[in-house]
Number of protein chains: 4
Amino acid sequence: MVTGTGASAGAGAGTGGGAGKQHRRGDTRQRIQDVALELFAEQGYEKTSLREIAERLDVTKAALYYHFKTKEDILTSIFEDLTRPIDELVEWGKDQPRTLEIKRTILTRYSEILTDASPLFRFMQENQATMRDLKTGETFKDRMLSLLDILREPDSPMTTQVRCFSALFTMHGGMFVLKDAEGDPEEKRKAILEVAIDLVTQAHEGA
Amino acid sequence: MVTGTGASAGAGAGTGGGAGKQHRRGDTRQRIQDVALELFAEQGYEKTSLREIAERLDVTKAALYYHFKTKEDILTSIFEDLTRPIDELVEWGKDQPRTLEIKRTILTRYSEILTDASPLFRFMQENQATMRDLKTGETFKDRMLSLLDILREPDSPMTTQVRCFSALFTMHGGMFVLKDAEGDPEEKRKAILEVAIDLVTQAHEGA
Amino acid sequence: MVTGTGASAGAGAGTGGGAGKQHRRGDTRQRIQDVALELFAEQGYEKTSLREIAERLDVTKAALYYHFKTKEDILTSIFEDLTRPIDELVEWGKDQPRTLEIKRTILTRYSEILTDASPLFRFMQENQATMRDLKTGETFKDRMLSLLDILREPDSPMTTQVRCFSALFTMHGGMFVLKDAEGDPEEKRKAILEVAIDLVTQAHEGA
Amino acid sequence: MVTGTGASAGAGAGTGGGAGKQHRRGDTRQRIQDVALELFAEQGYEKTSLREIAERLDVTKAALYYHFKTKEDILTSIFEDLTRPIDELVEWGKDQPRTLEIKRTILTRYSEILTDASPLFRFMQENQATMRDLKTGETFKDRMLSLLDILREPDSPMTTQVRCFSALFTMHGGMFVLKDAEGDPEEKRKAILEVAIDLVTQAHEGA
DNA sequence: AATGAATGAGGGTTCATTCAT
DNA sequence: TATGAATGAACCCTCATTCAT
């Protein structure tokens, strides 16, 4: 079974502990990533200026450039850390037999991943236009297509294939709705996962 | 039954068909909207500059300001024209009984609307971050929630509700995939619609 | 006989006439070029900032960008206007017989050109490092080599060839010295020209 | 007679010859100068950043500041080492009688100096704009004028004086042409020297 | 003898917007 | 119905430099 990562891209939580605003030495790079992701997710990539990020960290813009080569590089670095679990999942899934069991596992794991790094995925979903011409090639779309390829049977009827991709989209859309609707998030997450699994099950059998 | 609008998102072609209320020449305003939407959808709102739009139309930036008050105003005006059908659909749907028949009709009609104005919806989906703080209040999200309210039963179990919203998301995601996958677009659209209807049917009965 | 151009790249002289600092409408582009050349020649290309140019003209930096695409473009545009005479001279010379008479004419004309646009040539000489990677291809060097090709006989002994290129270098170096040495500039220019002609004459006969 | 210095402008080779006062290892200071000169000559002073120099040496920028006080200081230090021979030559020449023999010796020696430290002189020639406001006061120009004062007779006719300064300019221009023209460099150097001597001879006699 | 982290100043460039004509 | 000229604010980025370690 695949276990979670728990890579916290946590919002304001930050590095717990005693000293408040003190310069926690050495972790600037990480702090930049955290604040950047937070702002990118909140306002979008283009509308977030480096000035803003710097100000929030109480450093100068130039300091950002000590740690990252470009604005894009900040984003890319965040991705590298946070999308690794997906790559691993895809990698793992590619070599498994296409049983229903496996597909279920994949969806379950994917749901966890999405939850763990929800700000990032929220960002991806809301900034697709931006992502499209970001060297971080495999875009959102590409990654999803890889997963899709594991879930669906290549020669099944169209509706069957649509069901699989609908499962993925449902989970993504979930992120989006989970945030501000009422009700227990974890309960909602499970309901979403259930529907997704249901869709894939129908697809698996209906083929 | 609900009939189409035929809101053209086409380039210079304009609104063909019966009783055009637009004039042939001197339709700069319309041309601006067309080109703008095209570019907004292609590159995103922030990354499309007025200079670019003006250049493509072979007019000056200042000319755009004769027709629209601000950049945002261009976008807003496009929305007003192109999202009216949805508003009408919502308005109509609100007063109908929650029968399966009605829900089916709504989905069907929604599928047509999405297809008719696909560049706009592609734009909305890919620029949610931008949309969020655009005065055109009812964002993407709000509109979807209104539709959702018609499809779901307020007190049904969570999974049931998820199925409804999954139906909508599936259709939106469709836009996204229709573009570059192989196969006949119309056939795919129908498959997507079928799955969506299926989801809502399950929800309707499962409640 | 070849006559001068008189393209004034004149320092502060400016567009004569009544109104002092008034906005002489329409000539902004020209004024930018004038001030830019002045500053480029005085301080070097890299060390002259657009802010500086703008300030001196009492406009904003952005205004410069209305008239020119980039900083480099400002320089390029100056070149285009001011080096045309040289190109014409080269073009003309290429098809003439290699008589001493012709060579003399070329040097004489070249001397005039240099004098007419002396700030530009001073700039070129003092900013060769900069010029080297400026798209304005034919650099200083290339242009000189073209002229050199007209003056020298391809198969003559090395010393003879050196004499020709020495003639050109002498004239260029002249610019440089004319400025701040004592004595009547015109008299000095003539002396320089005489030595240059002398060198080429020796080369012509000595071959 | 004047003897050579052998000031190496070479890469890591260091000061060969007799009593080197430099240490082999820990010669970072020297390495900085070498790389800096190389880059300054190649790209110009302003366009060469300390980051670039540091990177090429595989040290940090801060390390440069251990060895030199400022960027300008790096350049200055290079000059001090490499232009000493000229100063010596000027010093020596000032007190000699103005015989043709002496003048010839001066030119010959100058030619050697130029060749020995050609990157430096290439740099000087191509970055005059920069040099002008570098505290290394005596600029290129000043040094040349000192030499000129030795070669020329103060009260001779203008053309005669021009010939002397033309001799110097010819040699400098040589550097410039020697690099990329075809033919044996040493042979060319000699031809250039010959022409220069010729000019000074004419001046000496024609006076 | 050198580094890691940061700064302040400034660079060139682009943008949405304005307004007299 | 448009344009030409310009602006102010902001942008990303780079630089020489500093200083505690």
Side-chain angles (χ1 to χ4, degrees), chain A residues 23 25-29 31-32 45-54 57-74, chain B residues 25-29 32 45-54 57-74, chain C residues 23 25-29 31-32 45-54 57-74, chain D residues 25-29 32 45-54 57-74:
Chain A
H23 273 353
R25 267 193 277 99
D27 60 349
T28 306
R29 199 188 136 95
R31 285 173 62 228
I32 293 174
Y45 177 76
E46 348 267 347
K47 273 188 322 221
T48 302
S49 72
L50 294 187
R51 181 180 49 67
E52 222 173 336
I53 298 177
L57 287 165
D58 216 41
V59 291
T60 47
K61 267 186 293 170
L64 305 184
Y65 280 90
Y66 176 75
H67 295 282
F68 299 93
K69 281 219 305 253
T70 65
K71 183 186 182 186
E72 188 174 334
D73 193 35
I74 298 183
Chain B
R25 212 201 42 268
D27 58 351
T28 309
R29 197 189 137 93
I32 293 174
Y45 177 76
E46 346 268 350
K47 276 188 320 220
T48 301
S49 70
L50 294 188
R51 181 179 48 66
E52 221 173 339
I53 297 176
L57 287 166
D58 220 39
V59 291
T60 41
K61 267 185 295 175
L64 305 184
Y65 280 88
Y66 177 79
H67 294 284
F68 299 94
K69 270 210 327 239
T70 66
K71 184 187 182 187
E72 189 175 333
D73 192 34
I74 299 183
Chain C
H23 273 355
R25 266 193 278 100
D27 61 350
T28 306
R29 199 189 137 94
R31 285 172 62 228
I32 293 173
Y45 178 76
E46 347 267 349
K47 274 188 322 222
T48 301
S49 70
L50 294 187
R51 181 181 49 69
E52 222 173 336
I53 298 177
L57 286 165
D58 215 42
V59 289
T60 48
K61 268 189 292 170
L64 305 184
Y65 279 90
Y66 177 76
H67 295 281
F68 299 94
K69 277 219 306 254
T70 64
K71 184 186 182 188
E72 187 174 335
D73 192 35
I74 298 182
Chain D
R25 214 201 44 267
D27 58 350
T28 310
R29 198 188 137 92
I32 293 173
Y45 177 75
E46 346 267 350
K47 274 188 321 222
T48 302
S49 69
L50 294 188
R51 180 178 50 66
E52 221 172 339
I53 298 177
L57 287 165
D58 219 38
V59 291
T60 39
K61 267 183 296 172
L64 305 184
Y65 280 89
Y66 177 80
H67 294 282
F68 300 94
K69 271 214 323 244
T70 66
K71 182 185 182 186
E72 189 174 334
D73 191 35
I74 298 182

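To find a chain, count down the sequence lines: A is the first, B the second, and so on, and within it residues start at 1.
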Interatomic distance where [atom1] belongs to [X] and [atom2] belongs to [N] [whole Å]:
X        : N       : atom1 : atom2 : answer
Leu64(C) : dG8(F)  : CG    : P     : 14 Å
Ile53(B) : dT14(E) : CD1   : P     : 17 Å
Ile74(B) : dC15(E) : CD1   : P     : 14 Å
Ile32(A) : dA5(E)  : CD1   : C1'   : 11 Å
Leu57(B) : dT1(F)  : CG    : P     : 15 Å
Glu46(B) : dC12(F) : CD    : C1'   : 16 Å
Tyr65(C) : dG8(F)  : OH    : C1'   : 16 Å
Leu50(D) : dA2(E)  : CG    : C1'   : 15 Å

Query - Side-chain donor/acceptor of Lys71(C) to backbone N/O of Tyr45(C), under 3.5 Å - result: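 At least one qualifying donor-acceptor pair exists.
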Measuring from [X]:[atom1] to [Y]:[atom2], what's the distance to the nearest 0.5 Å?
X        : Y        : atom1 : atom2 : answer
Thr28(C) : Leu64(C) : OG1   : CG    : 10.0 Å
Ile53(C) : Arg31(C) : CD1   : CZ    : 12.5 Å
Asp73(B) : Thr70(B) : CG    : OG1   : 5.0 Å

Report summary line: Closest to the 5' end of DNA chain E, once Glu72(C) and Lys69(B) are matched to their nearest nucleotides, is Glu72(C)
Can you tell me if [X] touches the phosphate of [N], counting only side-chain N or O atoms and a distance under 4.0 Å to OP1 or OP2?
X        : N       : result
Thr28(C) : dA6(F)  : yes
Tyr66(C) : dA5(F)  : yes
Thr60(D) : dG4(E)  : no
Ser49(B) : dT14(E) : no
Arg51(B) : dC15(E) : yes

Requested in this report: Identify the nucleotide, in any strand shown, that forms a Watson-Crick or G-U wobble pair with dA1(E), with both distances under 3.5 Å; if there is none, say none.
Outcome: none
Requested in this report: Could you tell me which nucleotide pairs with dT17(E) by Watson-Crick or G-U wobble geometry, both distances under 3.5 Å, or answer none if nothing does?
Outcome: dA6(F)
Report task. Between Lys71(A) and Lys61(C), name the one whose nearest nucleotide on DNA chain F is closer to the 5' end. Result -> Lys61(C)
Query raised in the report: Of the candidate nucleotides dG10(E), dG12(E), dT14(E), which contains the atom at the shortest distance from the side chain of Ala62(C)?
Result: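 Selected nucleotide (nearest to the side chain): dT14(E).
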Query - Which nucleotide in dC12(F), dC15(F), dA2(E) has an atom nearest any side-chain atom of His67(D) - result: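 It is dA2(E).
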Query raised in the report: Would you say the side chain of Val59(D) lies within less than 4.5 Å of the side chain of Ile32(D), judging by non-hydrogen atoms?
Result: no
